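Before any comments, here is the structure.
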Amino acid sequence: MNKYDLIVIGGGPAGMAAALAAKKAGIDDLLIIERDNVFGGILNQCIHNGFGLHTFKEELTGPEYAERYADMVIQQNIPFELETMVLSLETTTDAMKAVTVISSKRGVQTLYAKAVILAMGCRERPRGALNIPGFRPQGVYTAGTAQKLVNLQGVKIGKQVVILGSGDIGLIMARRMTLEGAKVSAVAELMPYSSGLKRNIVQCLDDYGIPLLLSHTVVDIKGKEKLEGVYIAKVDEKCQPIPGTEVYYPCDTLLLSCGLIPENELTVGAGVMIDPRTNGAYVNESLQTNVNGVFACGNVLHVHDLVDFVSEESQRAGENAARFILNGGSESGKTIEVKAGNGVRYTVPCRINIDNAPELTHIRFRVTGVYKNVSIILKSGDTELMRKRSQILVPSEMVDLIIQKNKLSDIDDTIEVFVEEVQK
Amino acid sequence: MIKELTCICCPMGCSLKAEVENDEVISVSGNNCIRGENYAKSEIIAPVRTVTTTIMSDSGIPVPVKTKDPVAKGKIFETVSQIKETSVHLPIKMGEIVIKNVADTGVDIVATRSVK
């Protein structure tokens with residue numbers, strides 16, 4: 001009764017796309033588990049437009065993108081359980097995956113599956129992780145929490161706002177708070193470049209005359225019960241505040257948009273190895289983790305900037321999980337390592353099984369800084385496999401390299417992806 | 001005169017250069033697709049934006065909405081304030097029109113989520 005071929009943990013964009021792809025590939029005995037009372041995950045609170053240009057060839061808002069996928073899940077009769085929380089994931093002695101869940105319908109129960117797809121998404125880096133001195137007054141929110149309160153619950157959270165961090169959610173919330181009648185005095189960014197997309201800087205800040213203070217950070221928070229204001233200071237090349245540059249900004253709301261962290265508590269419990277660079281699992285070209293039959297996709301694997309990339313990646317995870325279930329779980333063949341070289345912070349995947357690799361393998365990565373007029377190079381020893389020119393590479397925009405299977409056939413043990421300046 | 005701007009049509013964010021003479025865009029460079037050229041032309045002559053916000057329902061649940069087509073940049077605040085003065089009755093379907101011809105722009109406001 002509690003046995004399935006496939007369990008998908010998470011009903012956001014990743015989980016829905018993975019489940020749809022697995023179903024299409026012939027897996028009927030599957031289950032999506034979602035802790036919220038609706039599908040869609042974070043998309044439900046992302047009411048702004050800009051989603052779906054790749055997937056649907058039109059510009060949608062987050063809720064629209066989510067509802068289109070949710071409609072497909074329902075149309076395809078894919079079984080799902082909402083308001084159900086996964087408590088743990090383990091591998092049993094007979095190689096089944098044990099997924100322990102809690103819900104008002106089931107109580108606490110353990111479900112078993114041949115394969116599991118991890119699609120739990122990510123969470124925000126909280127104030128506690130930022131080491132900002134000062135009191136802990138009411139009025140300090142992570143940007144996503146504020147977004148949820150404003151967009152899903154209709155709560156008015158403040159009138160005078162400062163935003164720390166220029167991640168996309170912070171930029172989107174700068175505009176959102178302005179449209180809700182608040183005054184956003186500044187967005188402070190520790191780094192010398194924004195970690196958000198360019199279009200969001202134009203559309204959310206420039207349109208409303210909101211200053212973006214690069215190489216600045218919040219150094220003190222004032223107000224004991226209720227937030228009264230913050231001090232913002234310039235920082236040097238080592239991101240250390242420069243004494244004497246502090247400026248006081250009165251505000252009743254401070255929003256923190258300082259990075260997202262994949263939500264991998266379950267993953268770790270299952271014995272899956274985590275890449276410290278992404279905080280997501282180490283995976284191969286099939287998006288399979290080191291634990292056979294456990295796949296990962298979407299923001300739980302590495303934080304994406306485009307939901308379209310999440311859907312595409314998750315579709316591959318779903319197809320690969322289906323193949324794993326239908327062909328049995330053997331993982332033979334030669335595996336090579338993918339190394340992140342100069343200018344590349346990480347790669348997904350970290351290893352490629354050459355025999356199992358599809359015709360086209362995606363290697364996704366982020367760069368370590370802003371690079372202009374460069375080449376992205378894929379090399380194995382002295383052999384150059386691929387070279388791609390790029391006018392600009394920024395850490396906020398994920399790069400997707402696609403390599404053909406035949407180019408991988410003669411490789412011994414490692415390929416390296418790196419960025420090289422173009423010789424003039 | 002050369003005007004520089006960043007394309008917002010997609011996350012590529014191309015850096016565009018537009019040659020402008022007598023309020024007319026003569027040429028655009030730096031774009032990777034046709035949308036960049038169209039964006040530069042409209043952004044310089046008549047900038048438009050898709051406006052997204054929420055509208056209150058009579059059940060106290062906010063419903064996300066958008067302008068079905070982009071509206072003039074100068075009409076953003078007028079559009080939002082008309083939405084804020086209006087409330088809708090649930091249930092509502094994604095794509096349903098909640099305000100016609102918002103702020104005299106000729107553009108309708110539609111729900112972007114079905115809410116029961």
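We name chains A, B, ... by the order of the sequence lines, and we start the count at 1 in each one. Note that the coordinates shown come from a computational prediction; the quantities given were computed from them, not determined experimentally.
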| Structural part of A:Tyr65 lying under 4.5 Å from a heavy atom of chain B | neither
| note | Assert top hit (heavy-atom pairs under 4.5 Å, partner chain A, pool B:Thr53, B:Val65, B:Val51) equals B:Thr53
| request: Identify which part of A:Val394 has an atom lying under 4.5 Å from any heavy atom of chain B, answering side chain, backbone, both or neither. | output: neither
| note | Turns out that what part of A:Ser396 lies under 4.5 Å from chain B's heavy atoms comes down to neither
| Are A:Phe80 and A:Phe39 an aromatic pair by the rule of ring centers under 6.0 Å? | yes
| query | Of B:Lys3, B:Arg35, B:Arg49, which is the lone residue that meets salt bridge (Lys or Arg N to Asp or Glu O under 4.0 Å) with B:Glu43? | reply | B:Arg49
| request: For the residue pair B:Leu90 and B:Ile61, establish whether any side-chain heavy-atom pair is separated by less than 4.5 Å. | output: yes
| Measuring heavy-atom distances to chain B, does A:Ile201 have an atom under 4.5 Å in its side chain, in its backbone, in both, or in neither? | neither
| query | Given side chains that start at C-beta, do those of A:Glu397 and A:Leu197 come closer than 4.5 Å, heavy atoms only? | reply | yes
| query | Going by heavy atoms in the side chains, are B:Thr112 and B:Met94 under 4.5 Å from each other? | reply | no
| said: What I'd like to find out is whether the side chain of A:Glu421 reaches to under 4.5 Å of the side chain of A:Asn373, using heavy atoms alone. | reply: no
| said: Assess whether a salt bridge exists between A:Glu83 and A:Arg35, defined as any Lys/Arg side-chain N lying under 4.0 Å from an Asp/Glu carboxylate O. | reply: no
| request: Report yes if the side chains of A:Pro395 and A:Val370 come closer than 4.5 Å at any heavy-atom pair, otherwise no. | output: yes
| Considering heavy atoms only, which positions within residues 73-85 of chain B lie below 4.5 Å of chain A? | B:Lys73, B:Ile76, B:Phe77, B:Val80, B:Lys84
| message | For residues 40-49 of chain A, give me every residue with a non-hydrogen atom less than 4.5 Å from any non-hydrogen atom of chain B. | response | A:Asn44, A:Ile47, A:His48, A:Asn49
| query | Do the side chains of A:Leu306 and A:Met398 get nearer than 4.5 Å, heavy atoms only? | reply | no
| remark: Exactly one of A:Arg366, A:Glu313, A:Arg364 clears side-chain hydrogen bond (donor to acceptor under 3.5 Å, both in side chains) with A:His302, and that residue is A:Glu313
| Does CD belonging to A:Glu58 count more than 12 external heavy atoms closer than 6.0 Å? | yes
| query | Just checking, A:Arg68 and A:Phe56: is the charged tip under 6.0 Å from the six-membered ring centre and within 45° of the axis? | reply | yes
